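See below for the structure under consideration.
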2 protein chains.
Amino acid sequence: MRTKLERIRADIEALAAFNATPGEGLTRLSFTEEHRKAAQYITEQMQQAGLAVRTDAVGTIIGRMEGTDPAAPVVMCGSHFDSVKNGGNFDGPAGVITGLETARVLHENGVVPKHPIEFIAMIEEEGARFGAGLFGSRAMTGRLGEQELATFTDPDGITTGQAMRAFGLDPAHYADAVRKKGEIKNFIELHIEQGPILENSGDAVGIVETVVGIKEVEVTVTGRPDHAGTTPMDMRADAFLVAAKTAIAANEAAVAVGEGTVATVGKLEVRPGSFNIVPGKVVFYVDIRSKSTDCIEAVLAAVTAKLNELTAGNGALSYALRMMVETKPVQADPHVCDLLAESAEKLGLTSRRMLSGAGHDAMIMADITNIGLVFVPSRGGRSHCPEEWTDYDLLQNGIETVCETVQRLACE
Amino acid sequence: MRTKLERIRADIEALAAFNATPGEGLTRLSFTEEHRKAAQYITEQMQQAGLAVRTDAVGTIIGRMEGTDPAAPVVMCGSHFDSVKNGGNFDGPAGVITGLETARVLHENGVVPKHPIEFIAMIEEEGARFGAGLFGSRAMTGRLGEQELATFTDPDGITTGQAMRAFGLDPAHYADAVRKKGEIKNFIELHIEQGPILENSGDAVGIVETVVGIKEVEVTVTGRPDHAGTTPMDMRADAFLVAAKTAIAANEAAVAVGEGTVATVGKLEVRPGSFNIVPGKVVFYVDIRSKSTDCIEAVLAAVTAKLNELTAGNGALSYALRMMVETKPVQADPHVCDLLAESAEKLGLTSRRMLSGAGHDAMIMADITNIGLVFVPSRGGRSHCPEEWTDYDLLQNGIETVCETVQRLACE
C-alpha cells in the first residue's frame, strides 16, 4: 500500500499531465479537454474513496460522504482545479487533493461523521478563460448572473454559456448550483501561500484569519506631449513624472499605515511612448490590499492627495480615477481557526496565524458559511509560473491538518 | 505680381498637398510618389528662379546660382522636405521654401554674388521610413555607408538601396554625393523651433548658437515578479519603483545642472505588466540633452548613482545600461550668428540667441562647413503632429533674415 506522501505526489503528477502547454508550465482552462480529463480523474479518485459523486449545474465536482444525520449541515472541503495560463502544478490542485486525501483517510479509518462531508473541486477560479474568476464559488453562493454567462467571452469570442453547452452543461440551469445559507456548516480550503512568509518563518501551516480587502484603481494622468529636446524643463506637463511620484506615494503610504497593507503599481503604459517625446498620457493601476478597510482608504487618500498636489497649478496636467475592483476584507471563522491550530499542534506542526493577500473561493463561500483557509509554503514565494512549487512533505503537513480538522468539524 | 507672403503660403500649401495621409497630418516618406511629386514642384520652382538644378547621388535636390568666381566655396541654404508619419506642414518645408524664396528674391533683384549659392532640398532627415535619419546631410558629409543602404529596411522589408533603385537612383553611386571640406563656405538652415521659447518671448527669430549634445541611455532594471497580494512590502524587489525613482532623479539632476539641460523618460515598459504582479523587469530610456557635455555627464552620473543606491543591498535587484545615441554639442559659426543678428536688426526684427534641442541637417553639415541655424516660432511649441503651425508672416520674418544673410555671405 502506498504511503500518504506517495498518494499526494501521484495526484499532483496525474493532474499536472492534463495540460495544454507541456514544457511551458500548466495550462488547464475551463470547459476544455484538459478540464474534462482532470475531472474524470478526480471523479474516479472520489469514487474509490467511497464518495457519491455528482457534478453541479456549472461544473463543480461534489463527492459526498453521508453523515449519521443526513439533514445536518454539510462540512465542505476543497478548492479549484483550473489554472492560469502557463502556471504551476499546485495553485488549486493542492486543495482539491486535500479533499481527495481526506476522503481516503476517513474512508480507510471507517469514520462515520455526524455531518455529511462534501469534497469539492471547482472550476474557473482563476478567470483565465472568461476573465471573471471565482466562478464555481460564485455560482454556489448565488453571485453568478445570467448576463455573465451570455456576455463574458474567451479570446475566441466563445461565451461562458456556449462553452458550458459544448461541455455538456446547460447554462439555463446555472441557478441549480446555489446552496442556501445554513445548508453548509463550514467550508475548508487548503491553498499554497503564493508568498514568502511561511518559507521565511519556517512554520508548517498558515492559518488565515483574514482575506484582505482589495481596491484596484485605474489612474489616467493627462499631460502634454512635447519634443523632449526643445521643451525646457519648466515648460513641461510630463504625465510620467506625475505617475512615478504617485506610485512612490502609494508605496510609502502602504508601508506607513502598516498592518500588512500592500500597494502595487504593476501595470503602466506611457503614451505616445517615444524616447524623444515628453509623455502626454500615462495610464496605470494602483492595487491596494489590506485586512483593514481604513488602511486601504488611507492609501487611496494618499494617492489622491499626491495626484492633486502634482496636477495643481499646471493647467496642462489633469487626472482621472476609475475603480476597477473593490472587495471588503473577509474574516475566517475563529472557531475553525482554533481547531486548525489545535490539529496542527496535535500533529506536532508549527502554525502561524496570517493574512491572505490573494482572493480564493473560501472568500466567496464566507457569504453563506463559516470558512477556514489553510496555507502551505510556496518555494521562493513563487506562483502563477512554471516554477511554482511546494515540497510534497510540506503539502502533506497541510493536508493532515485539514483532515484532522474536517473530521472534528463533522463530528462535533 | 504676388507678394512674398503669398508666395510663401503658396509653397507651403503646394508641398502640403503631396501627402499620403490627407486629413490625418502630413506623411511624405522618402522615395515615394509623394516624394517624387514634391521634388518635381521644388525643381520647377528652382528653375523658375533661374537656378541650374540637379539631383545628387542620394536624392538631394540642388539648385545652383553661379557666382562671379565659380571656383569660390559655395554658400549653401536649405533643409529637408520629407516628413514624419502624420506630421505637420512646416518641419522641413519651411527651410526648403526659405531657399526657394531667397533664390527668387536674389534673381528678381539681379544680384550676382561672388560665391556660387546652392539651394538644397534634402530627404530622409526624419528617418521615418528607414529609421536612421539625417540621410541627405550624412551622404553629403561622407557619413553614409554602403552597409546602411543594404541592410536598413522600411516596415515592408524594403532596403534603402532597393527603394533608391525603384526611385531611379543607383545606390552604388552614393559616395558621389560627398562634398569635401573647403568646398562649402557656409550652410544656412531655417527650421521651425518645435518648442515654446520664441512664442513665449515674442522674439521674431531664434539664432541657434549650439545644437545640443545627446545621450540616450537604455536602462533595464531587473527585480522579481511576485504576487502583489501575498508579498509584503519589505520582501519585494519592485523593478518599477527603481525606475520611477531613477526617472525623478534624472529630472531633478537636469534642473539642478541648468544651462538649458533637459532629461526625459518618454518610453518605459513594465513586465510582466499585470496589475496584480510586482514588476519583475522595467526597460526605460533616459534622453539627456545639453549644450554642455559636462552637464550631460552630470545627469548621467546622477542616474547611475541613483540606480546604484536603489539596487544596493537587495540581491534581487540589478540594472544594466546600454548607450543608444551619443552626439556631442555642435557650435554654429559665430560670424554667421552675428550676420544673422545684424540682418534681423536691419529688417526691424527682434532676435534671440538660443539652443537647439533637436538635431537638424545643419548639425551634420558642421562637420565640413561653418553653419548657421535660424528658428521661427512654433505655435504652442507643437511639432511632429497635424497641429504643427507657424503663421506665414512669422515664417516670412525668418526667411527674410536668411535671405539678407545669404546675400551677405555670398558677396563677402
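All values below were derived from every heavy atom in this structure, side-chain atoms included, with hydrogens, water molecules and symmetry-related copies excluded. The structure presented is a predicted model; accordingly, all values stated were derived computationally and were not measured. All chains are named by letter (A, B, ...) in the order of the sequence lines, taking the proteins before the strands, and each is independently numbered beginning at 1.
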Could you have a look at [options] and say which one has the most heavy-atom pairs with chain B under 4.5 angstrom?
| options | result |
| --- | --- |
| A/L241, A/D287, A/V270 | A/L241 |
| A/D226, A/N251, A/L268 | A/N251 |
| A/E193, A/E269, A/R236 | A/R236 |
| A/R289, A/R271, A/M233 | A/M233 |
| A/S274, A/A358, A/S356 | A/S274 |

Of the backbone (N, CA, C, O) and the side chain (C-beta and beyond), which part of [X] lies under 4.5 Å from a heavy atom of chain A, both, or neither?
| X | result |
| --- | --- |
| B/F275 | both |
| B/V212 | neither |
| B/M235 | side chain |
| B/T261 | backbone |
| B/S383 | neither |
| B/I248 | both |
| B/D234 | neither |

remark   = Of B/T231, B/V265, B/V278, the largest count of non-hydrogen pairs under 4.5 angstrom with chain A goes to B/V265
Winner by heavy-atom pair count (cut-off under 4.5 Å) against chain A, out of B/A254, B/G381, B/G280, B/A263 = B/A263
remark   = d(B/I277 CD1, A/T264 OG1) to nearest 0.5 Å is 10.5 Å
note = Here the gap from B/R382 atom CZ to A/R224 atom CZ, rounded to the nearest 0.5 Å, amounts to 8.0 Å
key: Under 4.5 Å from a heavy atom of chain B, the part of A/P272 involved   = neither
key: Neighbour count >12 (heavy atoms, 6.0 Å) for atom NZ, B/K215   = yes
key: Exceeds 12 heavy-atom contacts within 6.0 angstrom, atom CZ of A/R353   = yes
ask   = So do the side chains of A/P225 and B/C385 get within less than 4.5 Å of each other, counting heavy atoms only?
value = no
message = Using a 3.5 Å distance criterion without hydrogens, assess whether the side chain of A/T230 forms a donor-acceptor pair with backbone atoms of B/Q194.
response = yes
inquiry  = Minimum heavy-atom separation for A/A244 and B/A244, please, with both atom names.
reply    = CB-CB, 3.7 Å
